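Remarks on the structure that follows.
What you are looking at is a predicted structure, and each value in this text was computed from that prediction instead of being measured.
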Amino acid sequence: MIAGTIEPEALARGADTAISPRTWVITNGNRGSDTLAEGLMEALGITAERLDHVKLGGPYGWMAPNGPLPLGHVGRRGKMFAPPWPDLVISVGRTAAPYALAIRKKAQGRTFAASLLNPKTKPEKWDLIWTPAHDQFEGENVVSTLTSPHCLSPQKLAAAAQAMYEEIAAMPRPWIAVLVGGPNGKYRFSPRLARDLCEKLEGLAPHGSFLITTSRRTPEAVGWTIKQWMGTKPARLWMGGADNPYLGFLGLADAIVVSADSVNMAGEAASTGKPVYVLELPG
């Protein structure tokens, strides 16, 4: 398989054949970035030979993705990436982009380079680019979708719901899953906003139950504000640790509330086909 000549349709067909491209995934290390690549590979029926999280500091980071890489990072004796080159390299994030492009160049057309998210480069530097529709990024080799790639499926949600059902069966319905994010480069999320969320939940399901998860970005004060509000209410709250109930919550929920800071979470909620309410945040 000569990856430099693979069309997107051919990549999709790879899931139905015994041929699987040697795949490298390079991301900025954010869990959301990894999820995009994992969702795409699962849909295609392929696995990654390696997953690398890269960080570029100083001037290299400032210039990414259009600037040079540190000397010796990519090449025949590269400290990070060296041949034999893969058939497919998937890049997620601005700092990952220059590594994928350098690999594509070194492979002289034998590596198919795909960027997930707007790479902040000209489209013609890539073989394929996926972006969310809100990026408004266009090109002949650009695929745009309303929601992000993810790893959820009806089968996974049904299995997780069945495994968790007995734990919450006695809780009054409706069951409202609440996906709480946190501040990022675009949005703010304060304890005051957490109190506002709790008031909205009271109005949405005054006699129902709440299945609440926080994320890695949720400030501790926001989590504790929600925990205090729960009091004696019929609710479950997961704030990290083992046995993440996320899939079970989505599978069991009658409706889902998600904070606006994460396109990934909103897309995963929407994929369930259940009613979804988005909590707007300042920013």
The test is side chain to side chain contact (heavy atoms under 4.5 Å, CB included); show your working for L237 and M230 and say whether it passes. CA-CA 9 Å; L237 172 63; M230 287 169 53; 3.4 Å; yes

Kindly determine whether L40 and L116 satisfy side chain to side chain contact (heavy atoms under 4.5 Å, CB included), including the steps that lead there. CA-CA 9 Å; L40 175 63; L116 307 186; 3.9 Å; yes

Test side chain to side chain contact (heavy atoms under 4.5 Å, CB included) on I256 and I176 and set out the steps. CA-CA 6 Å; I256 303 168; I176 310 298; over 6 Å; no

Derivation of the side chain to side chain contact (heavy atoms under 4.5 Å, CB included) call for N66 and K125: CA-CA 11 Å; N66 296 305; K125 291 188 175 184; 3.8 Å; yes

If you apply the rule salt bridge (Lys or Arg N to Asp or Glu O under 4.0 Å), what do you find for E38 with R31, and how did you get there? CA-CA 10 Å; E38 290 166 4; R31 179 57 194 153; 2.9 Å; yes

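Residue L201 is not grouped with residue L211 when hydrophobic side chains (ILVMFWY) are merged at heavy-atom distances under 4.5 angstrom, including chains of intermediate members. Both L281 and Y277 belong to a single network of hydrophobic side chains, linked directly or stepwise wherever heavy atoms of I, L, V, M, F, W or Y lie under 4.5 Å apart. Residues V263 and L117 fall into different hydrophobic clusters, defined by Ile, Leu, Val, Met, Phe, Trp and Tyr side chains chained together at heavy-atom separations under 4.5 Å.
When all heavy atoms of G182 and S215 are compared, the pair lying nearest together is N-OG, 4.3 Å. Taking each heavy atom of L250 and L157 in turn, the nearest pair found is CB-CD2, 3.9 Å. Across every non-hydrogen atom of V258 and M265, the tightest pair is CG2-CB, 3.7 Å. Scanning both residues, L252 and A161, for their nearest heavy atoms gives CD2-O, 3.5 Å. When all heavy atoms are compared, the tightest approach of S91 to A96 is OG-C, 3.4 Å. Between V92 and S33, the shortest heavy-atom distance links the atoms CG1-CB, 3.5 Å.
Taking 4.5 Å as the limit, every side-chain heavy atom of I226 sits out of range of all side-chain heavy atoms of Q228. Inter-residue side-chain proximity for L128 and V143 is flagged as met; some heavy-atom pair is nearer than 4.5 Å. Residues P68 and M63 form a side-chain contact, since some pair of their non-hydrogen atoms from C-beta on lies under 4.5 Å apart. Side-chain contact between L197 and V257: present, with at least one pair of heavy atoms (C-beta onward) separated by less than 4.5 Å. Inter-residue side-chain proximity for L247 and L152 is flagged as met; some heavy-atom pair is nearer than 4.5 Å. When side chains are defined from C-beta on, M41 does not count as touching T47, because their heavy atoms never get closer than 4.5 Å. Looking at heavy atoms from C-beta onward, P119 lies in side-chain contact with F137 at the 4.5 angstrom threshold.
No side-chain donor-acceptor contact under 3.5 Å links S144 and W130.
Taking the salt bridge (Lys or Arg N to Asp or Glu O under 4.0 Å) definition, one finds that K227 meets it with nothing, sequence neighbours left out. By the salt bridge (Lys or Arg N to Asp or Glu O under 4.0 Å) test, D34 pairs with no residue at all, sequence neighbours left out. For the side-chain hydrogen bond (donor to acceptor under 3.5 Å, both in side chains) test, residues two or more places apart in sequence or in another chain that qualify with T121 are W126. Partners of R195 under the side-chain hydrogen bond (donor to acceptor under 3.5 Å, both in side chains) rule, at least two apart in sequence or in another chain, do not exist in this structure. Scanning for ring-ring contact (aromatic ring centres under 6.0 Å, His included) contacts around F189 gives an empty result, with sequence neighbours left out.
Panel note: side chain N30, backbone G32; no donor-acceptor pair is recorded below 3.5 Å. Here the side chain of T111 pairs no donor or acceptor atom with the backbone of A107 at under 3.5 angstrom. No donor-acceptor distance shorter than 3.5 angstrom exists from the side chain of T213 to the backbone of L179, with no hydrogens or angles considered.
Listed by first and then second residue, the side-chain hydrogen bond (donor to acceptor under 3.5 Å, both in side chains) pairs involving residues 158-178 are E167-R236, R173-D254 (not counting sequence neighbours). Residue pairs meeting the salt bridge (charged side-chain N to carboxylate O under 4.0 Å, His left out) criterion with at least one member in residues 93-107, sequence neighbours excluded: R104-D127. Residue pairs satisfying the ring-ring contact (aromatic ring centres under 6.0 Å, His included) criterion with at least one member in residues 191-240, sequence neighbours excluded, are listed as follows: F210-W229. Residue pairs that meet the salt bridge (charged side-chain N to carboxylate O under 4.0 Å, His left out) test with at least one member in residues 178-193, sequence neighbours left out, do not exist here. Applying the side-chain hydrogen bond (donor to acceptor under 3.5 Å, both in side chains) test to every pair with at least one member in residues 261-274, sequence neighbours left out, gives these pairs: S148-N264, R217-D261, Y246-E268, S259-D261.
Salt-bridge annotation for K156 and E42: present, with a side-chain N of the basic residue lying under 4.0 Å from a carboxylate O of the acidic one.
Remark: of the listed residues I90, T23, L88, L88 is the sole one forming a side chain to side chain contact (heavy atoms under 4.5 Å, CB included) with F112. Each of I212, V222, T214 was scored for a side chain to side chain contact (heavy atoms under 4.5 Å, CB included) with M239, with one residue passing: T214.
If you chain together ILVMFWY residues whose side-chain heavy atoms come under 4.5 Å of each other, M80 ends up grouped with W24, I26, V54, L56, Y60, L69, V74, F81, W85, V89, Y99, I103. Through direct or indirect side-chain contacts shorter than 4.5 Å among Ile, Leu, Val, Met, Phe, Trp and Tyr, L71 is connected to no other residue.
Around the NZ atom of K122, the shell of radius 6.0 Å holds no more than 12 heavy atoms that belong to other residues, nucleotides or ligands. The number of heavy atoms from other shown groups lying within 6.0 Å of CD (E138) does not exceed 12. No more than 12 heavy atoms of other residues, nucleotides or ligands lie within 6.0 Å of NZ in K120, so this atom counts as exposed by the packing criterion.
To the nearest 0.5 Å, the span separating CG on N118 from NE2 on H134 amounts to 9.5 Å.
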